[in-house]
Amino acid sequence: MGRRGLSESSSDAAFVAFERVQKSYDGENLVVKDLNLSMPKGEFLTMLGPSGSGKTTCLMMLAGFETATHGDIMLDGVSINNIPPHKRGIGMVFQNYALFPHMTVAENLAFPLQVRKLGKSVQEEKVHRALGMVQMNDFAGRRPSQLSGGQQQRIALARALVFEPELVLMDEPLGALDKQLRETLQFEITNLAHELGITVVYVTHDQTEALTMSDRVAVFDDGRIQQLAPPDQLYEQPENSFVAQFIGENNTLEGVVQEIKGDACVVKLDSGDIIDAIPVNVQSVGDRTKVSIRPERVEYDKSRLKDGAHTLKAEVLEFIYMGDIFRTRLRVAGTDEFVIKSRNAPDQTRLKPGEMIEIGWLPQDCRALDA
């Protein structure tokens with residue numbers, strides 16, 4: 001999708017910046033805690049997290065619908081804390097579309113332009129262009145009630161883009177759509193954002209959506225960013241147990257750190273097995289740890305095991321055919337929830353429940369995280 005490999009930028013070059021932002025509704029409990037976040041112009045950043053993690057509150061503060069209790073929110077180097085929402089020049093797309101039911105599609109799109117007191121001919125030109133962006137020119141005369149959910153969401157997107165904002169905020173915009181349409185619009189929104197060079201802040205609790213669409217993802221929990229990284233880094237190199245568990249499927253084995261040597265450590269699992277791992281979020285010998293291994297990094301076919309792989313005995317509990325992959329659930333090192341995902345290939349062995357097998361993975365695919 002043309003990601004540009006954006007790294008975490010300094011606030012000096014930031015187009016959007018949160019500087020030590022806090023938010024409390026009752027004066028005691030913080031729903032956003034000391035948030036520092038900066039985005040360069042043209043980035044597609046997703047705020048991802050469970051309900052109540054603070055992501056939507058951050059979006060609403062940026063939009064101006066909520067006020068920060070402490071700290072500064074900057075847009076292109078200027079504090080917008082005291083600027084009302086309609087003067088921030090920000091496009092918004094909501095899950096419920098928020099279209100005016102009594103207006104036609106064209107009238108809905110023209111409304112933000114009328115508020116900005118643009119001439120009639122300029123309005124018509126911009127409405128036509130925005131409808132073309134979302135391939136909806138033939139629907140200009142219809143009312144929202146005459147459109148499907150996907151069509152309404154395209155119009156809501158066009159309305160957010162019609163006045164050519166540099167920043168667009170999207171709050172769970174695809175949440176009400178079915179899976180196939182949601183996936184289609186994911187690609188359309190991302191490609192359009194990159195083509196137009198607009199900056200997007202996107203809020204979702206859907207991890208697949210976040211990984212698919214974003215240049216970077218900020219994973220929220222308990223009012224803080226737990227990790228901010230490009231999607232591949234977030235998935236492959238989680239920095240703590242919350243991120244490892246929240247992003248994708250993940251195997252967890254618990255134990256105690258026995259030895260740390262630079263970028264390697266030895267962990268004694270609660271089952272008594274000894275394994276090697278990368279020490280990511282452990283400080284010293286004797287620390288409790290949760291070791292994280294992604295299901296697709298584990299092999300059960302000996303011919304596919306690479307040199308240096310670590311092996312453990314396992315019992316097959318469940319073998320599920322899922323079309324493109326096989327999903328195998330195993331009893332490993334005292335847990336019944338260890339999962340392997342393997343590609344459906346002609347030479348891939350199909351296992352049966354009750355079989356005793358040996359599984360293996362490379363130490364570099366195994367991360368020792370906080371307990």
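Numbering starts at 1 and runs along the sequence shown. Bear in mind the structure is a predicted one, so any value in this text is a computation, not a measurement.
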Open item on the list: Using side-chain heavy atoms (C-beta onward) and a distance below 4.5 Å, is V93 in contact with Q153?
Closed with: yes

- [ ] Identify whether the distance between the nearest side-chain nitrogen and carboxylate oxygen of D273 and K313 falls below 4.0 Å.
- [x] no

- [ ] Answer whether the closest heavy-atom distance between the side chains of E355 and E315 falls below 4.5 Å.
- [x] no

- [ ] Tell me, with the steps shown, if R154 and E188 meet salt bridge (Lys or Arg N to Asp or Glu O under 4.0 Å).
- [x] CA-CA 10 Å; R154 280 193 172 88; E188 288 184 13; 2.7 Å; yes

Open item on the list: Under a plain distance cut-off of 3.5 Å, with no hydrogens placed, do E209 and Y202 share a side-chain donor-acceptor pair?
Closed with: yes

Task: Transitive ILVMFWY side-chain link M213 to V134, under 4.5 Å - done: yes

Task: Residue pairs, two or more places apart or on separate chains, that pass ring pair (Phe, Tyr, Trp, His ring centres under 6.0 Å) and touch residues 245-274 - done: F242-F246

Open item on the list: Can you confirm whether more than 12 heavy atoms, excluding those of M356, are under 6.0 Å from its CE atom?
Closed with: yes

Open item on the list: Could you check whether any side-chain heavy atom of I247 comes within less than 4.5 Å of a side-chain heavy atom of P238, counting everything from C-beta outward?
Closed with: no

Task: Polar side-chain atom of Q152 near backbone of G149 as donor-acceptor pair, under 3.5 Å - done: no

Task: Euclidean distance, I73 CD1 relative to C58 SG, rounded to 0.5 Å - done: 8.0 Å

Open item on the list: Between T335 (side chain only) and R331 (backbone N and O only), is there a donor and an acceptor less than 3.5 Å apart?
Closed with: no

Open item on the list: Is it true that, when you exclude Q348 itself, more than 12 heavy atoms of the residues, nucleotides or ligands shown sit nearer than 6.0 Å to its CD?
Closed with: yes

- [ ] Indicate yes or no for a side-chain donor-acceptor contact from K33 to the backbone of G223 under 3.5 Å, with no hydrogens or angles considered.
- [x] no

Task: Residue pair V21 / H70, side-chain heavy-atom distance below 4.5 Å - done: no

- [ ] For D263, look at atom CG and say whether over 12 heavy atoms of other residues, nucleotides or ligands are found less than 6.0 Å away.
- [x] no

Task: E183 side, atom CD; D178 side, atom CG - distance, nearest 0.5 Å - done: 9.5 Å

- [ ] For atom CG of N82, decide whether the heavy atoms of other residues, nucleotides or ligands shown that lie under 6.0 angstrom number more than 12.
- [x] no

TODO: Sort and list the pairs that fulfil ring pair (Phe, Tyr, Trp, His ring centres under 6.0 Å) and have at least one residue in residues 124-168, not counting sequence neighbours.
DONE: none

Task: Verdict with supporting geometry, V203 and T46, side-chain contact (heavy atoms from CB on, under 4.5 Å) - done: CA-CA 6 Å; V203 162; T46 296; over 6 Å; no

TODO: Give a yes/no verdict on a cation-pi contact between R294 and Y235, requiring under 6.0 Å between NZ or CZ and the six-membered ring centre and an angle within 45° of the axis.
DONE: yes

Open item on the list: Side-chain heavy atoms nearer than 4.5 Å, only ILVMFWY residues, links allowed to pass through others: does that put I359 and L362 together?
Closed with: no

Open item on the list: Check this for me: does any side-chain nitrogen of one of D270 and R288 sit under 4.0 Å from a carboxylate oxygen of the other?
Closed with: yes

Task: Heavy-atom donor-acceptor pair, D34 side chain to G71 backbone, under 3.5 Å - done: no

Open item on the list: Looking at S284, is its backbone amide N or carbonyl O close enough to the side chain of D287 to form a donor-acceptor pair, meaning the two atoms are under 3.5 Å apart?
Closed with: yes

- [ ] Using atom types as modelled and distance alone, determine if a side-chain donor or acceptor of D72 lies under 3.5 Å from a backbone N or O of E19.
- [x] no

Task: M47 and V217: CA distance, side-chain angles, deciding distance, side-chain contact (heavy atoms from CB on, under 4.5 Å) verdict - done: CA-CA 6 Å; M47 293 180 172; V217 180; over 6 Å; no

Open item on the list: Using modelled atom types and a 3.5 Å cut-off, is there a donor and acceptor pairing between side-chain atoms of Q227 and backbone atoms of E239?
Closed with: yes

Task: Distance-only side-chain donor-acceptor flag, N250 / Q245, under 3.5 Å - done: yes

Task: Trace of the side-chain contact (heavy atoms from CB on, under 4.5 Å) decision for L369 with V291 - done: CA-CA 6 Å; L369 302 172; V291 176; over 6 Å; no

Task: Atom pair CG/CG of L228 and L45 - distance to nearest 0.5 Å - done: 6.0 Å

Open item on the list: Atom CZ of residue position R304 - does it have more than 12 heavy atoms of other residues, nucleotides or ligands inside 6.0 Å?
Closed with: yes

TODO: Spell out, as yes or no, whether a donor-acceptor pair under 3.5 Å connects the side chain of R329 to the backbone of D336.
DONE: yes

Open item on the list: Quick check against the 3.5 Å criterion: does E236 have a side-chain atom that pairs as donor or acceptor with the backbone of Q233?
Closed with: no

Task: Contacts of type salt bridge (charged side-chain N to carboxylate O under 4.0 Å, His left out), residue E296, not counting sequence neighbours - done: none

TODO: Could you pull out all residues at least two apart from K268 that satisfy side chain to side chain contact (heavy atoms under 4.5 Å, CB included)?
DONE: Q258, I274

- [ ] For D215 and F44, indicate whether the former's side chain and the latter's backbone hold a donor-acceptor pair under 3.5 Å.
- [x] yes

Open item on the list: Quick test of your reading: applying side-chain hydrogen bond (donor to acceptor under 3.5 Å, both in side chains), list the pairs with at least one residue in residues 362-371, sequence neighbours left out, ordered by first then second residue.
Closed with: N281-D370

TODO: Please say whether more than 12 non-hydrogen atoms of neighbouring residues, nucleotides or ligands are located less than 6.0 Å from CZ in F94.
DONE: yes

Open item on the list: Before you tell me yes or no, could you show the steps for L35 and F220 under side-chain contact (heavy atoms from CB on, under 4.5 Å), namely the whole-Å CA-CA distance, both residues' side-chain angles and the distance that decides it to 0.1 Å?
Closed with: CA-CA 10 Å; L35 177 69; F220 278 75; 4.2 Å; yes

TODO: Assess whether salt bridge (Lys or Arg N to Asp or Glu O under 4.0 Å) is satisfied between K41 and E166, documenting all intermediate values.
DONE: CA-CA 8 Å; K41 194 171 279 192; E166 290 184 295; 3.1 Å; yes

Task: Which residues share a salt bridge (charged side-chain N to carboxylate O under 4.0 Å, His left out) with E164, sequence neighbours left out - done: K126, R129

Task: Aromatic ring pairing H310/W361, orientation class (parallel under 30°, perpendicular over 60°, tilted between) - done: tilted

Task: L317-Y300 co-clustered via ILVMFWY side chain contacts under 4.5 Å - done: no

TODO: Please round to the nearest 0.5 Å and tell me the distance separating atom OG1 of T69 and atom OH of Y25.
DONE: 8.5 Å

- [ ] Examine the side chains of D206 and T204 and answer whether a donor and an acceptor come within less than 3.5 Å of each other.
- [x] no

Open item on the list: Does any part of the side chain of L269, heavy atoms only, come nearer than 4.5 Å to the side chain of V267, both counted from C-beta?
Closed with: yes

Task: Criterion side-chain contact (heavy atoms from CB on, under 4.5 Å) against I90, the qualifying member of L169, V201, T199 - done: L169

